[in-house]
Amino acid sequence: MLFFSYFKELVGKEVTVELKNDLAIRGILHSVDQYLNIKLENTRVVDQDKYPHMLSVRNCFIRGSVVRYVQLPPDGVDIDILHDATRREARGGG
Amino acid sequence: MSWAGPEDIFLSTSLASYLDKKLLVLLRDGRKLLGILRSFDQFANAVLEGACERVIVGDLYCDIPLGLYVIRGENVVLIGELDLEREELPPHMICVSAAEIRRAQKAERDATDLKGSMRKRMEFLDLD
């Protein structure tokens, strides 16, 4: 559940989600669940001309299984905290 | 994503906040379906009422009516809420009939096939 907890910390930040079909969407992270499904607000598609059908989509739900990358804001990750949490989880401590 | 109480559906990833709204559903094969969300579950299985497929070829598009659709969740890529204030498509795009869009689709497919076969025949040249 490490990454679920981690993504929950990022709620409200602007992220870019790149999908397995190469569509990349930038927006404010609204929420995330245990499947790493993602809801974005105020979305805009990175390559708008290639995806005209996405023009009027402001809010969207992305199925976790189709996500390739989530690009985070530069200050979005505190490596030390993540590192500690990873070791705690690996030990089974949660 | 799960069923959530009325007070927190707007905070969770639940699709409940999209119920009865007009949505755009992108599928894994690249199809775009539009319709009103009437039901869903934790797998993103979804029921769309008044569904239609939006076929886009270049600057041409066509909405082909389909009726009531149950979409299996594994095929869903993205579910987008359509902002009714905004234009659904850029102004330069032209709405055409189903027959015309099928013709345009076929022309595009033929052009891609031709490009592929020409490339195959030229492979001995080691273009890359």
Side-chain angles (χ1 to χ4, degrees), chain A residues 1 3-71, chain B residues 1-4 8-18 21-34 37 40 42-46 53-61 63 71-94:
Chain A
M1 295 295 266
F3 282 89
F4 175 40
S5 316
Y6 175 62
F7 277 116
K8 276 198 288 193
E9 298 289 308
L10 288 169
V11 165
K13 295 222 166 73
E14 184 164 75
V15 297
T16 305
V17 181
E18 186 183 316
L19 309 185
K20 288 179 187 170
N21 63 7
D22 293 335
L23 175 64
I25 306 162
R26 193 162 178 76
I28 308 287
L29 187 65
H30 169 277
S31 56
V32 66
D33 65 13
Q34 76 264 37
Y35 306 110
L36 304 188
N37 293 328
I38 288 173
K39 254 187 182 176
L40 294 181
E41 282 186 331
N42 263 319
T43 56
R44 63 171 194 280
V45 172
V46 172
D47 188 359
Q48 182 68 71
D49 297 339
K50 207 173 150 196
Y51 306 98
H53 52 278
M54 294 292 291
L55 188 66
S56 71
V57 174
R58 293 291 90 184
N59 307 313
C60 72
F61 164 91
I62 299 166
R63 201 170 193 265
S65 62
V66 302
V67 173
R68 185 187 288 141
Y69 304 121
V70 181
Q71 298 173 29
Chain B
M1 186 177 56
S2 60
W3 289 100
D8 51 25
I9 59 166
F10 294 104
L11 298 174
S12 73
T13 47
S14 163
L15 288 168
S17 64
Y18 292 170
K21 293 200 169 124
K22 192 177 180 194
L23 304 176
L24 168 76
V25 181
L26 292 191
L27 302 183
R28 274 196 312 187
D29 63 359
R31 276 187 241 213
K32 302 161 264 296
L33 303 184
L34 291 109
L37 184 69
F40 68 90
Q42 72 271 37
F43 305 111
N45 292 321
E53 182 185 348
R54 177 160 289 168
V55 185
I56 299 180
V57 181
D59 281 347
L60 307 178
Y61 75 95
D63 289 343
I71 303 165
R72 190 172 158 88
E74 63 181 328
N75 300 296
V76 171
V77 168
L78 174 149
I79 298 180
E81 196 181 341
L82 292 177
D83 186 347
L84 300 173
E85 312 267 284
R86 295 172 67 96
E87 294 296 320
E88 277 186 21
L89 290 167
H92 65 269
M93 295 193 68
I94 305 156

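Every value quoted in this text rests on a predicted model; they were computed, and no experiment measured them. Here is how names work: the chains are called A, B, and so on, in the same order as the sequence lines, proteins then strands, and each is numbered from 1. When reading the values below, keep in mind they use all heavy atoms of this one structure, side chains included, and skip hydrogens, waters and symmetry mates.
Residue A/Val66 touches chain B through its side chain alone, counting heavy-atom pairs closer than 4.5 Å. Residue contact with chain A, scored on non-hydrogen atoms closer than 4.5 Å, involves the side chain of B/Leu26 exclusively. Contacts between B/Ile56 and chain A at a heavy-atom distance below 4.5 Å involve the side chain alone, from C-beta outward. For a residue to count as touching a neighbouring chain, one of its non-hydrogen atoms must lie under 4.5 Å from one of that chain's; by this rule B/Leu89 touches chain A with backbone and side chain alike. At a 4.5 Å heavy-atom cutoff, the contact between B/Tyr18 and chain A is made by side-chain atoms alone.
Evaluation of the side-chain hydrogen bond (donor to acceptor under 3.5 Å, both in side chains) test over residues 42-61 of chain A, restricted to residues two or more places apart or in two chains, returns A/Asn59-B/Glu81.
When atom types are taken as modelled, the side chain of B/Arg72 and the backbone of B/Ala44 share no donor-acceptor pair closer than 3.5 angstrom. Side chain of A/Asn37 to backbone of A/Gly64: a donor-acceptor contact under 3.5 angstrom is found. Between the side chain of B/Arg28 and the backbone N or O of B/Val76, no donor-acceptor pair lies under 3.5 Å.
Geometric assessment of A/Lys8 against the ring of A/Tyr6 yields a negative cation-pi assignment under the 6.0 Å and 45° thresholds.
Using a 4.5 Å cut-off on side-chain heavy atoms (C-beta onward), B/Val25 and B/Lys32 make no contact. A/Thr16 is not listed as a side-chain neighbour of A/Tyr69, based on a closest heavy-atom distance of 4.5 Å or more.
No hydrogens or angles considered: nothing links the side chains of A/Lys39 and B/Ser14 as a donor-acceptor pair under 3.5 Å.
For B/Arg54 against B/Asp63, the heavy-atom pair with the smallest separation is NE-OD1, 2.8 Å.
Each of A/Val67, A/Val11, A/Val32 has some count of heavy-atom pairs under 4.5 Å with chain B, and the biggest count is that of A/Val32.
Contacts between residues 17-29 of chain A and chain B, counted as heavy-atom pairs separated by less than 4.5 Å, involve A/Leu19, A/Asn21, A/Leu23, A/Ile25.
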